[in-house]
Amino acid sequence: MKTIGIIGGLGPESTADYYREIIAAYNAKHSGLAYPEIIIFSVRFNTFLELIDAKQWDQLTTLLLDKIYALQCAGADFAVIASNTPHIVFEPLSKKSPIPLLSIVEATCNKAKEMGLKKVGLLGTQLTMASDFYQKPFQAQGIAMAVPSTEEQHLIHQRIFSEIELGIFKDSTRNELLAVIKRMIAEDEIDGLILGCTELPLILTEPSFGIPFLNTAAIHCDSIVAFTGEQ
């Protein structure tokens with residue numbers, strides 16, 4: 001059985017959710033009190049945000065690579081990043097990593113293809129919505145992707161970092177997010193929605209308007225449990 005290494009703290013709420021999701025996914029496949037071995041390295045969130053804001057991608061890659069080496073030294077056989085936004089540097093990071101890395105984007109793309117989705121909406125941080133690290137693999141699989149308007153992106157980003165990352169879940173914010181999704185269904189004709197921030201499933205807990213919401217954290221956790229290799 002492989003030992004799981006998690007780079008967490010980006011942010012803490014989703015890291016705690018990852019731990020619960022992995023345990024739940026593992027228990028769904030195994031009886032009794034058998035749990036996987038998990039090592040978590042919780043990164044300083046403010047340092048991460050400073051590098052993101054400054055678009056210092058090389059420094060971000062180095063920061064994350066240092067944590068992967070630490071996880072390897074602690075006994076991890078493979079590693080994951082419990083956040084969507086840092087996957088902007090996943091490609092150079094995976095090339096330098098001493099242990100395998102499992103991508104949340106790849107896992108989500110595989111799930112969308114399995115579900116037969118044709119055009120999905122993407123919600124997340126402003127960087128995730130504005131970048132192409134999600135769009136490229138989906139387009140390669142023949143799945144179109146739509147993102148919110150610039151104004152909507154700003155609203156979503158602000159709510160994530162001023163509320164949801166802090167564990168604050170307001171009905172008013174949930175309704176704002178649902179209004180964006182409803183518009184995207186009507187105007188962009190999406191048939192599924194990617195919750196491309198691992199905190200979003202904490203507030204958008206149920207699918208709405210007749211389309212599936214893809215919980216990227218839960219999908220990633222399922223792929224993590226599968227990769228441990230224990231049958």
Side-chain angles (χ1 to χ4, degrees), residues 7-21 42-55 60 81-90 104-105 108 111-112 119-135 138 145-221:
I7 298 176
L10 307 172
E13 289 291 332
S14 67
T15 303
D17 192 49
Y18 258 70
Y19 184 83
R20 288 189 293 265
E21 287 280 357
S42 189
V43 179
R44 286 172 58 90
F45 194 34
N46 58 343
T47 301
F48 166 73
L49 289 179
E50 289 169 3
L51 295 175
I52 288 288
D53 289 341
K55 294 182 169 57
L60 177 60
I81 307 170
S83 177
N84 281 275
T85 302
H87 281 69
I88 193 169
V89 297
F90 185 85
I104 194 172
V105 179
T108 303
K111 185 65 174 181
K119 186 176 184 179
V120 296
L122 174 65
L123 268 59
T125 65
Q126 201 147 25
L127 180 62
T128 296
M129 293 183 286
S131 302
D132 62 2
F133 67 89
Y134 248 103
Q135 298 193 32
F138 274 75
M145 183 170 287
V147 297
S149 68
T150 301
E151 181 180 349
E152 290 168 340
Q153 288 183 32
H154 178 76
L155 170 69
I156 295 165
H157 185 86
Q158 195 274 336
R159 295 293 186 265
I160 287 172
F161 285 103
S162 66
E163 299 174 17
I164 303 171
E165 287 279 6
L166 304 175
I168 300 169
F169 310 112
K170 297 180 179 179
D171 287 340
S172 58
T173 295
R174 183 179 295 104
N175 291 334
E176 288 174 330
L177 296 174
L178 289 173
V180 172
I181 297 164
K182 187 175 182 180
R183 183 202 63 75
M184 294 181 74
I185 294 172
E187 297 182 13
D188 298 314
E189 299 181 337
I190 60 173
D191 59 1
L193 182 75
I194 306 298
L195 299 179
C197 170
T198 48
E199 277 77 23
L200 284 175
L202 303 178
I203 189 168
L204 295 173
T205 56
E206 297 291 338
S208 299
F209 312 120
I211 67 169
F213 289 5
L214 276 68
N215 180 338
T216 56
I219 293 168
H220 203 196
C221 289

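- The side chain to side chain donor-acceptor pair (under 3.5 Å) test with Ser14 is passed by exactly one of Thr198, Asn84, Thr216: Thr198.
- For the residue pair Ala217 and Asp17, the shortest heavy atom distance occurs at CB-OD2, 4.4 Å.
- Taking all atoms of both residues into account, the shortest heavy-atom contact from Ile190 to Val120 is CG2-C, 3.7 Å.
- For Leu155, the side-chain contact (heavy atoms from CB on, under 4.5 Å) partners are Arg159, Glu176, not counting sequence neighbours.
- Pairing each heavy atom of Leu200 with each of Gly196, the nearest pair is CD1-N, 4.4 Å.
- Looking at residues two or more places apart in sequence or on another chain, you find a ring-ring contact (aromatic ring centres under 6.0 Å, His included) between Phe161 and His157.
- Listed by chain and residue number, nothing satisfies the salt bridge (Lys or Arg N to Asp or Glu O under 4.0 Å) test with Lys119 (two or more places apart in sequence, or in another chain).
- Across Ala112 and Phe138, no two heavy atoms sit closer than the pair CB-CE2, 3.7 Å.
- Residues passing the side-chain contact (heavy atoms from CB on, under 4.5 Å) test with Gln153, sequence neighbours excluded: Gln126, Met129, Ala130, Val147, Pro148.
- More than 12 heavy-atom neighbours from other residues, nucleotides or ligands sit within 6.0 angstrom of CZ on Arg183.
- Applying the side-chain contact (heavy atoms from CB on, under 4.5 Å) rule to His87 yields the partners Ile81, Phe90, Ser103, Ile104, Val105, Phe133; only residues at least two apart in sequence or on another chain are considered.
- Applying the side-chain contact (heavy atoms from CB on, under 4.5 Å) test to Ile168 and every residue at least two apart in sequence or in another chain returns Glu163, Leu166, Lys170.
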